[in-house]
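The structure appears right after this line, and notes come after that.
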There are 2 protein chains.
Amino acid sequence: MKKKITLKHIARELGVSISTVSKALKNSEEIGADTKEKVQAFAKLYNYKPNNIAISLKNKRTKNIGVIIPDIVHHFFTTVFRGIEKYANAKGYNVIVCVSDESFDREVINMELLANGSIDGFIMALSAGTQLKNDYNHLKEVTEQGIPLVLFDRVTEDIKCDKVIINDKKGAYNAVTKFIKDGRKRIAMITTEDYFSVSRERAAGYRDALSDNGIAFNEDLILKFPSMTIDEKVIEDFFNREKVDAVLSVNEIFAIHSMRLVQSKGLKIPEDISFIGFTDGLLSKYASPGLTAVAQHGEHMGEIAAEMLIEKVESELEEETYTTRVLEPTIIERGSTVN
Amino acid sequence: MKKKITLKHIARELGVSISTVSKALKNSEEIGADTKEKVQAFAKLYNYKPNNIAISLKNKRTKNIGVIIPDIVHHFFTTVFRGIEKYANAKGYNVIVCVSDESFDREVINMELLANGSIDGFIMALSAGTQLKNDYNHLKEVTEQGIPLVLFDRVTEDIKCDKVIINDKKGAYNAVTKFIKDGRKRIAMITTEDYFSVSRERAAGYRDALSDNGIAFNEDLILKFPSMTIDEKVIEDFFNREKVDAVLSVNEIFAIHSMRLVQSKGLKIPEDISFIGFTDGLLSKYASPGLTAVAQHGEHMGEIAAEMLIEKVESELEEETYTTRVLEPTIIERGSTVN
DNA sequence: AATATTACCGAAAACGTTTTAGTAGCCTTC
DNA sequence: GAAGGCTACTAAAACGTTTTCGGTAATATT
């Protein structure tokens with residue numbers, strides 16, 4: 001087993017001091033040409049690579065960024081993650097991921113763990129538990145320590161930091177407007193409880209689009225699920241009870257389930273009823289018919305988040321200016337709506 | 001901004017030595033009760049948390065494990081990752097993820113980056129590029145340095161290390177056997193080129209099942225794609241040319257595409273043609289009809305990989321015994337096959 | 001009263017690196 | 001021939017811990 005070689009080993013072997021070796025490897029002007037050559041050759045021969053941990057301790061910079069997301073088996077989050085990873089990697093940063101599993105406690109634990117020197121900054125989307133509890137002290141602590149933080153997608157007004165979100169309201173607004181243009185009258189919305197910031201925004205867009213087009217808001221056309229899990233029965237009851245000709249869903253799963261259900265009842269998509277779902281994921285693409293989707297551009301969002309974070313990490317001055325980047329959603333039209 | 005407090009600060013503030021503070025916080029017997037109390041109270045008040053980096057440098061243990069996967073926006077890999085993260089987290093480890101993007105070069109770069117002290121061990125699935133190039137020197141270097149390595153799913157015989165795979169051959173064998181039991185005669189296989197270890201195994205299982213049941217292998221019924229991307233036209237030609245009544249696909253995407261195609265040609269699933277796909281992901285679940293799938297139990301695989309790795313990391317002795325865990329695949333029956 | 005024991009605490013090294021502040025030795029220069 | 005200026009190097013501190021080894025009182029033992 002070849003053990004890792006250090007500056008000390010090289011110094012001893014070559015009969016010079018550690019500082020000489022360090023400088024020689026950095027091609028410092030202070031060191032004579034022959035010594036430099038000797039050291040560099042030796043280092044190459046023994047494949048010397050500086051120890052990251054020691055450098056981190058010295059510079060108080062880890063070149064790691066911490067990402068905390070509610071779930072990793074989730075198309076949107078992985079897409080954002082890919083953007084983060086890509087950008088960070090290109091800038092020489094590594095990414096440490098922790099999954100909060102939608103739990104407040106796990107979010108707090110993971111944050112505290114990473115905040116003790118392991119990372120230079122955080123990128124995160126709030127867990128459901130945290131949004132429900134509405135407790136952001138763990139975020140506050142971190143920012144007060146001067147650790148940069150970027151929130152994406154699931155954000156909160158309560159914390160002053162950089163944020164990047166998509167214009168969920170506008171996404172919903174555009175989707176509903178499209179339905180109306182297509183002549184739809186009874187437009188339903190399938191959503192979750194309001195403690196998700198995104199659900200709130202989308203609901204607002206839905207209402208605005210209706211009222212801007214002179215359609216009365218009808219509470220009966222809103223189907224709310226308490227969590228991300230679906231109750232097949234509830235969906236069935238809803239579609240048996242209400243006559244709807246268009247459905248806006250806050251996620252793919254709800255949309256796909258509903259589509260299958262109405263199809264099994266003999267309705268034709270998009271002739272009898274059309275669908276638009278949030279998040280342009282695999283399911284939307286491969287459903288039959290394809291599900292028209294509000295694309296959230298996760299990868300781009302991730303890149304921007306990483307860019308904002310690294311910018312803050314590398315800027316020495318601690319300005320207290322925080323910006324929120326709002327990305328524009330786009331509608332990807334597929335077979336579930338008339339084009 | 002509250003800066004992080006260190007042992008030195010506490011020591012100076014309380015007029016004791018650093019070692020005393022360190023020991024007091026560990027509740028050492030060497031320290032007097034009143035001093036301990038004083039130190040602990042002060043530490044709690046100022047929310048002292050030891051610096052992870054310093055501890056890592058001291059112990060030569062980072063409590064980080066490096067995961068390198070070909071793609072993160074991929075259901076199977078994220079599932080495995082969830083298993084890894086769960087187990088590792090429970091054991092007090094963090095996970096650093098790097099994405100090779102199926103590229104040999106990026107796999108090498110990421111490995112070298114992490115191998116310089118950032119992690120205690122690796123868990124990885126080989127990139128397509130690496131398998132194609134058949135060059136495993138970067139893995140060899142790492143293992144020679146005594147850094148534990150666990151390969152999963154996409155593995156190689158050329159490296160001596162712990163591995164965890166599913167019995168791909170048996171998965172394919174069982175799937176094909178099921179087709180035959182259901183009375184299918186012309187069983188096609190949609191796969192990728194052979195340099196993926198998994199594709200090779202699955203092809204072997206396919207052939208074995210045929211021959212064990214006295215069905216002649218027919219090269220014409222094998223559709224091979226050079227990569228993960230699909231050419232719609234090629235699929236169409238294939239199904240126009242060959243009359244098949246069952247299809248085994250090495251992944252979901254190929255299967256879903258084919259299903260949509262044959263459905264558009266008026267064939268009924270599963271009456272006229274049945275389908276089984278590898279990887280029990282979202283698409284299989286939500287396709288119509290649902291796609292019968294060979295489940296790979298990714299999360300379990302991830303847990304096992306993490307368990308094997310941490311076991312090696314924490315065992316001082318460097319035994320040279322490596323084991324390969326083979327997980328059994330199971331078939332999840334859905335509407336794409338007759339039950 | 002001399003010695004042994006205990007309780008409590010501190011100094012210092014170590015992990016591997018970077019960087020500041022020197023310090024030799026040699027060469028100019030007037 | 002002394003002052004100054006280079007060149008080429010080294011010592012040592014620092015980052016924040018942990019841990020070993022001592023050391024010094026106070027107390028206990030003979």
Side-chain angles (χ1 to χ4, degrees), chain A residues 3-40 42-43 46-64 113-120 145-147, chain B residues 3-40 42-43 46-64 92 113-120 145-146:
Chain A
K3 263 277 146 251
K4 270 272 161 203
I5 192 172
T6 72
L7 290 182
K8 200 196 280 187
H9 295 133
I10 303 183
R12 199 180 310 151
E13 210 67 30
L14 262 43
V16 294
S17 78
I18 295 180
S19 12
T20 303
V21 177
S22 175
K23 287 171 186 166
L25 291 175
K26 298 199 133 44
N27 239 321
S28 160
E29 292 302 321
E30 290 183 62
I31 306 299
D34 42 353
T35 313
K36 269 202 277 201
E37 203 173 334
K38 193 175 60 174
V39 171
Q40 287 170 4
F42 191 93
Y46 286 94
N47 194 27
Y48 169 79
K49 294 273 169 52
N51 180 309
N52 290 333
I53 298 290
I55 293 180
S56 293
L57 182 59
K58 188 93 237 295
N59 315 344
K60 294 158 155 282
R61 280 284 173 75
T62 61
K63 286 260 178 184
N64 287 155
L113 219 72
L114 293 183
N116 298 313
S118 300
I119 50 91
D120 295 339
Q145 278 175 40
I147 300 178
Chain B
K3 264 276 146 250
K4 271 271 160 204
I5 193 172
T6 70
L7 290 183
K8 198 194 283 187
H9 295 135
I10 303 183
R12 199 180 310 155
E13 210 67 31
L14 262 43
V16 294
S17 77
I18 294 180
S19 14
T20 302
V21 177
S22 176
K23 289 170 189 167
L25 291 175
K26 299 199 132 44
N27 239 320
S28 159
E29 293 302 323
E30 289 183 63
I31 306 298
D34 41 354
T35 314
K36 270 203 276 201
E37 203 173 335
K38 193 175 60 170
V39 171
Q40 287 169 5
F42 190 93
Y46 286 94
N47 192 28
Y48 169 79
K49 295 272 167 51
N51 180 309
N52 290 333
I53 298 289
I55 294 180
S56 293
L57 183 59
K58 187 96 236 298
N59 316 343
K60 293 158 156 285
R61 280 284 173 77
T62 62
K63 285 262 179 183
N64 287 154
L113 219 73
L114 294 183
N116 298 313
S118 301
I119 50 90
D120 294 340
Q145 278 174 40

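To find a chain, count down the sequence lines: A is the first, B the second, and so on, and within it residues start at 1.
A:Lys26 comes within 4.0 angstrom of the backbone, heavy atoms only, and of no base. Note on B:Ile55: only backbone sugar-phosphate atoms sit closer than 4.0 angstrom, heavy atoms only; bases stay farther off. Using a 4.0 Å heavy-atom distance criterion, B:Thr35 is classed as a sugar-phosphate-only contact. Looking at heavy-atom distances under 4.0 Å, A:Ser19 makes contact with a base. Across all strands shown, A:Thr20 has heavy atoms under 4.0 Å from base atoms, whether or not it also approaches the sugar-phosphate.
Looking only at distances, a side-chain donor or acceptor of A:Ser56 sits under 3.5 Å from a matching main-chain atom of A:Asn52. The backbone N or O of B:Ser28 lies less than 3.5 Å from a partner atom in the side chain of B:Lys36, making a donor-acceptor pair.
The distance from the CD atom of B:Gln40 to the OG1 atom of B:Thr35 is 10.5 Å, given to the nearest 0.5 Å. Expressed to the nearest 0.5 Å, how far NZ of A:Lys26 lies from CD1 of A:Ile31 amounts to 12.0 Å.
When the C1' atom of C:dC15 is taken as reference, atom NE2 of A:His9 falls 11 Å away, rounded to whole Å. D:dA14 atom P lies 11 Å from atom CZ of B:Arg12, rounded to whole Å. One atom, CD1 of A:Ile31, and another, C1' of D:dT7, lie 10 Å apart when rounded to the nearest Å. Atom NZ of A:Lys36 is separated from atom P of D:dA8 by 9 Å (rounded to the nearest Å). The separation between A:Lys4 atom NZ and C:dT17 atom P is 10 Å, rounded to whole Å. Here the P atom of nucleotide D:dG16 and the CG atom of B:Asn52 are 13 Å apart, to the nearest Å. When rounded to the nearest whole Å, the span between CG of A:Asn59 and P of C:dT17 equals 12 Å. Rounded to an integer number of Å, the gap from A:Leu7 CG to C:dT19 P is 12 Å.
In this model, a side-chain donor or acceptor of A:Lys23 finds a partner on the base of D:dT10 within 3.5 Å. At a cut-off of 3.5 angstrom, counting only N and O atoms as typed in the model, there is a donor on one side and an acceptor on the other between the side-chain of B:Lys58 and the base of D:dT18. A donor-acceptor contact under 3.5 angstrom links the side-chain atoms of A:Glu30 to the base of D:dC9.
Comparing B:Asp34 and B:Leu57, the nucleotide of DNA chain C nearest to each residue sits closer to the 5' end for B:Asp34.
Proximity of B:Ser22 to the phosphate of D:dT18: a side-chain N or O atom is located under 4.0 Å from OP1 or OP2. Between A:Tyr48 and C:dT17, a side-chain N or O to OP1/OP2 separation shorter than 4.0 Å is present.
In this structure, A:Glu37 places its CD atom where only 12 or fewer heavy-atom neighbours from other residues, nucleotides or ligands lie under 6.0 Å away.
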